Amino acid sequence: MALSRVCWARLAVWGSAVTPGHFVTRRLQLGRSGLAWGAPRLFDLPCRSSKLHLSPKADVKNLMSYVVTKTKAINGKYHRFLGRHFPRFYVLYTIFMKGIISIPPFANYLVFLLMYLFPRQLLIRHFWTPKQQTDFLDIYHAFRKQSHPEIISYLEKVIPLISDAGLRWHLTDLCTKIQRGTHPAIHDILALRECFSNHPLGMNQLQALHVKALSRAMLLTSYLPPPLLRHRLKTHTTVIHQLDKALAKLGIGQLTAQEVKSACYLRGLNSTHIGEDRCRTWLGEWLQISCSLKEAELSLLLHNVVLLSTNYLGTRR
């Protein structure tokens with residue numbers, strides 16, 4: 001009661017213009033409008049500082065854009081890594097990912113259309129028709145055959161670097177025969193074993209452009225640093241050399257006609273237009289050379305892809 005009397009006494013001093021009802025109403029209006037008498041309240045500060053920053057929606061949008069950009073960059077690096085270091089796995093991976101496209105409704109029709117339009121790129125060899133197998137293998141062989149003249153020119157350039165006069169003569173004679181369209185004999189190639197076991201034609205002494213040309217001749221990617229290309233070529237040639245030893249023990253006669261043609265094609269000969277007997281003869285020449293070489297002489301086996309296949313039975317065009 002005493003407090004109420006004091007409040008009413010103060011109101012009386014302020015004057016009759018300010019009524020108690022007006023005072024209470026004014027306090028409610030100020031409280032609702034977020035204002036206060038005296039120092040600013042803490043929950044008022046974010047409202048004032050929010051004008052200095054982006055809205056939450058803009059922040060989320062920028063964050064999502066950043067995440068999408070980084071994801072695309074990482075995905076691109078991942079694809080390039082697979083394509084360079086694991087080309088065969090990358091082909092299967094690509095085919096599998098493109099097969100996922102058919103999961104959404106009606107998207108499988110698009111996949112079938114793409115496979116029909118681009119069978120060489122999207123289908124593995126087992127799904128090619130007989131005519132497609134012949135046409136596509138011709139296309140791939142045309143790619144690797146483009147590097148044959150380049151490889152022969154590199155062999156000619158290193159002839160002056162060979163210290164032995166006899167080896168210089170043999171290599172010059174071999175390059176001349178191939179350029180004139182003559183198929184070399186086995187002894188013509190084996191006579192150069194020493195030349196390809198060390199400088200300048202050893203596997204570790206080959207020049208960068210020479211290594212790139214040999215990679216294309218083996219249908220391997222050439223868009224890698226020379227040390228990696230050299231390592232891949234050495235690994236690939238070592239595997240073929242081991243297969244040759246196993247095949248020599250088994251005997252060519254144990255292979256079917258299709259297996260003989262596939263083995264010849266792997267080693268550089270376009271066997272799609274050559275008869276079975278001719279393919280067996282060529283494969284026998286290859287095995288005779290391969291089984292005579294040591295591991296340090298595998299550079300000659302690698303070059304044999306060009307030396308032995310360029311002019312066989314008039315295949316040079």
Side-chain angles (χ1 to χ4, degrees), residues 84-85 87 143-245 248 266-269 285-312 316:
R84 291 176 180 176
H85 298 279
F143 289 156
R144 64 184 180 185
K145 192 172 65 174
Q146 292 175 356
S147 61
H148 288 189
E150 187 178 355
I151 294 174
I152 298 300
S153 66
Y154 288 136
L155 292 179
E156 290 181 322
K157 290 179 180 179
V158 301
I159 290 177
L161 302 178
I162 301 175
S163 58
D164 187 89
L167 291 177
R168 287 200 304 269
W169 182 88
H170 279 295
L171 184 55
T172 303
D173 181 64
L174 180 62
C175 292
T176 302
K177 286 182 178 180
I178 293 177
Q179 289 173 338
R180 291 178 178 176
T182 303
H183 180 66
I186 296 176
H187 62 82
D188 292 332
I189 296 176
L190 289 178
L192 297 169
R193 296 172 56 175
E194 182 181 351
C195 184
F196 285 85
S197 61
N198 47 42
H199 183 80
L201 293 174
M203 191 73 76
N204 296 326
Q205 287 79 31
L206 296 175
Q207 297 297 318
L209 294 178
H210 196 162
V211 171
K212 290 179 179 295
L214 288 170
S215 298
R216 292 192 297 270
M218 298 296 291
L219 292 179
L220 299 174
T221 178
S222 59
Y223 303 104
L224 291 176
L228 292 180
L229 290 178
R230 187 176 289 107
H231 174 73
R232 289 189 63 195
L233 284 175
K234 186 175 182 179
T235 302
H236 198 72
T237 309
T238 301
V239 171
I240 293 179
H241 189 225
Q242 294 173 351
L243 290 175
D244 291 340
K245 291 182 178 180
L266 174 66
R267 291 159 176 81
L269 181 68
E285 295 180 2
W286 173 281
L287 293 180
Q288 186 174 348
I289 295 174
S290 178
C291 295
S292 301
L293 299 177
K294 301 178 182 178
E295 184 176 356
E297 302 167 342
L298 290 184
S299 179
L300 178 57
L301 185 64
L302 177 60
H303 286 80
N304 206 36
V305 173
V306 178
L307 301 177
L308 198 65
S309 64
T310 301
N311 300 317
Y312 185 66
R316 182 186 183 190

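Here the structure is a predicted model, which is why all the values come from computation and not from measurement.
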Heavy atoms, side chains only, cut-off 4.5 Å: are Cys195 and Leu201 in contact?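 In contact.
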Under 4.5 Å between any side-chain heavy atoms of Val305 and Ile151, yes or no?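 Val305 does not reach Ile151 side chain to side chain.
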Out of the candidates Val211, Leu214, Ile240, only one should pair with Leu302 under the side-chain contact (heavy atoms from CB on, under 4.5 Å) rule; please name it.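 The passing option is Leu214.
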Consider side-chain contact (heavy atoms from CB on, under 4.5 Å). Of Asn304, Leu206, Leu293, which one does Ser299 pass it with?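 Option passing the side-chain contact (heavy atoms from CB on, under 4.5 Å) with Ser299: Leu206.
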Calculate, to the nearest 0.5 Å, the distance between atoms [atom1] and [atom2] belonging to [X] and [Y] respectively.
{"X": "Leu229", "Y": "Met218", "atom1": "CG", "atom2": "CE", "value": "13.0 Å"}
{"X": "Ile289", "Y": "Ile189", "atom1": "CD1", "atom2": "CD1", "value": "4.0 Å"}
{"X": "Leu224", "Y": "Lys212", "atom1": "CG", "atom2": "NZ", "value": "7.5 Å"}

Filter on side chain to side chain donor-acceptor pair (under 3.5 Å), then keep only pairs touching residues 214-230, sequence neighbours left out; what's left?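 Output for this query lists Glu150-Arg216.
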Can you list every side chain to side chain donor-acceptor pair (under 3.5 Å) pair that touches residues 194-206, not counting sequence neighbours?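 Sorted result for residues 194-206: empty, none.
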[X]: which residues meet the side-chain contact (heavy atoms from CB on, under 4.5 Å) condition with it, sequence neighbours left out?
{"X": "Asp173", "result": "Trp169, Lys177"}
{"X": "Ala185", "result": "His187, Asp188"}
{"X": "Pro225", "result": "Pro227, Leu228"}
{"X": "Lys157", "result": "Tyr154"}

Which atom pair, heavy atoms only, marks the closest approach of [X] to [Y]?
{"X": "His148", "Y": "Arg144", "result": "CD2-O, 3.3 Å"}
{"X": "Leu155", "Y": "Leu171", "result": "O-CD2, 3.8 Å"}
{"X": "Leu233", "Y": "Thr237", "result": "O-OG1, 2.7 Å"}
{"X": "Leu308", "Y": "Pro184", "result": "CD1-O, 4.5 Å"}

Checking [X] now: which residues fulfil side chain to side chain donor-acceptor pair (under 3.5 Å) with it, not counting sequence neighbours?
{"X": "His210", "answer": "His303"}
{"X": "His183", "answer": "Glu285"}
{"X": "Glu156", "answer": "Gln179"}
{"X": "Asp244", "answer": "Arg267, Trp286, Ser290"}

If you look only at pairs with a residue in residues 291-307, which of them pass as a salt bridge (Lys or Arg N to Asp or Glu O under 4.0 Å), with sequence neighbours excluded?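 Passing the test, one end in residues 291-307: Arg193-Glu297.
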Would you mind listing every salt bridge (Lys or Arg N to Asp or Glu O under 4.0 Å) that reaches into residues 199-209, with sequence neighbours excluded?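 Sorted pair list comes back empty.
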Donor-acceptor check, side chain of Arg168 to backbone of Ile162, threshold 3.5 angstrom: yes or no?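 Flag set: sc Arg168 to bb Ile162 pair under 3.5 Å.
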Report the C-alpha distance between Ile159 and Leu167 in whole Å, list the side-chain angles of each, state the deciding distance to 0.1 Å, and finish with yes or no for side chain to side chain contact (heavy atoms under 4.5 Å, CB included). CA-CA 9 Å; Ile159 290 177; Leu167 291 177; over 6 Å; no
